[in-house]
Amino acid sequence: MSERSVTHSTFVIERVYPTVPERVFAAFSDPRKKRRWFAEGEGFAIEAFTMDFRIGGREQACFRLPDGRPCRNDTVYQHILPGRHIVIAYTMTLGDQCISSSQASFEFVLANNGTNLIFTEQAAFFEGADGPQMREAGWRKLLEQLAEEMAR
Amino acid sequence: MLSHRVHVDRVFHALGDPTRRAIIEKLSQGPLSVSSLAKPLDITLAAVLQHLQVLEKSGLVHTEKAGRVRVCRMETRGLTVVERWIDDRRSLWERRLDRLGHLLDEPDDN
């Protein structure tokens, strides 16, 4: 096979929350709070949500999609600096197929009126094992344009 | 109507080939006949037609006969499918961070 089967994408999402970084950070470190914004609200049945918030600790969220397929998020906490940043690595699994592997950072930056949360995800997307082969050149450009569009 | 899933597969497959991407890049500047597509790409007419078939099936290119010439032009349907696929992934996090905002708007209960 000379074709590539992984596509990479990096994107950044920023949000400003009108509260101090410590309080935003607490919504990540407290499992009860984390579950509320991270796992609930998508309309999926949550079959499990466990987290061990420390460097090297794991988090797993298991969902059941409306079509009956299981969907799973497996996370490892790579680095934590309280009130400043959290870096994770995670995979997403749909049915029995891993569909992406990502490194993601949350940075909590003190801003004038609160906290600027900067989320950066660097992802490798896999399609089905016999799925599409993706090449980077035109593709990367498309993703960059898209990221700019979304960032507006 | 193709299922979204099948359509995504087709578009990614279509975009996975450098010659097909070169065709799309050329057509993004304006419609061209099959022969004027083949010339700069240095491939046979038959090969171009084969690639065009893949591109047409995935909704990236539209071709039609104008007299004795087949004219090709970009179609946005295929690209929209790809955009949506990526958008769906990304907006999961956007929705999450919006929910985080709502949660932070509430007073702490402990």
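Letters A, B, ... are given to chains in the order of the sequence lines, protein chains preceding strands, and every chain is numbered from 1.
Contacts of A:Val16 with chain B are absent, with no heavy-atom separation under 4.5 Å from either backbone or side chain. Only the side chain of A:Tyr17 comes within less than 4.5 Å of a heavy atom of chain B; its backbone N, CA, C and O stay farther away. Within the 4.5 angstrom heavy-atom criterion, atoms from both the backbone and the side chain of A:Arg23 approach chain B.
Aromatic ring pairs are classed by plane angle as parallel below 30°, tilted from 30° to 60° and perpendicular above 60°; the pair B:Trp93 and A:Tyr90 is perpendicular.
The environment of B:Asp105 atom CG is dense: over 12 non-hydrogen atoms of other residues, nucleotides or ligands sit within 6.0 angstrom. The environment of CD in B:Gln50 is sparse: at most 12 heavy-atom neighbours from other residues, nucleotides or ligands sit within 6.0 Å. Residue B:Arg73 places its CZ atom among more than 12 non-hydrogen atoms of other residues, nucleotides or ligands, all under 6.0 Å distant. Heavy-atom neighbours of A:Arg64 CZ from other residues, nucleotides or ligands within 6.0 Å: above the threshold of 12. In this structure, A:Gln60 places its CD atom where more than 12 heavy-atom neighbours from other residues, nucleotides or ligands lie under 6.0 Å away.
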Item to complete: Show the numbers, then the answer: is there a side chain to side chain contact (heavy atoms under 4.5 Å, CB included) between B:Leu97 and A:Glu14?
Response: CA-CA 9 Å; B:Leu97 297 185; A:Glu14 292 195 41; over 6 Å; no

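Atom CZ in A:Phe38 sits 12.0 Å away from atom CZ in B:Arg95 (nearest 0.5 Å). Atoms CG and OG1, on B:Asp108 and A:Thr19 in that order, are 7.5 Å from each other to the nearest 0.5 Å. Atom CD of A:Glu121 and atom CG of B:Leu92 lie 9.0 Å apart (nearest 0.5 Å).
Summarising the hydrophobic clusters (Ile, Leu, Val, Met, Phe, Trp, Tyr; side-chain heavy atoms under 4.5 Å, direct or chained), the residues clustered with B:Val71 are B:Val69.
Salt bridge annotation for A:Glu40-B:Arg96: absent, with no cationic side-chain nitrogen under 4.0 angstrom from a carboxylate oxygen.
Contact record, A:Trp37 with B:Leu100: CB-N, 3.5 Å, taken as the closest heavy-atom pair. Between A:Arg36 and B:Leu103, the shortest heavy-atom contact is CB-CD1, 3.6 Å.
Taken together through direct or relayed side-chain contacts under 4.5 Å among Ile, Leu, Val, Met, Phe, Trp and Tyr, A:Phe49 and A:Leu94 form part of one hydrophobic cluster.
In this view, B:Ser35 and B:Ser33, B:Leu45 satisfy the side-chain contact (heavy atoms from CB on, under 4.5 Å) rule, not counting sequence neighbours.
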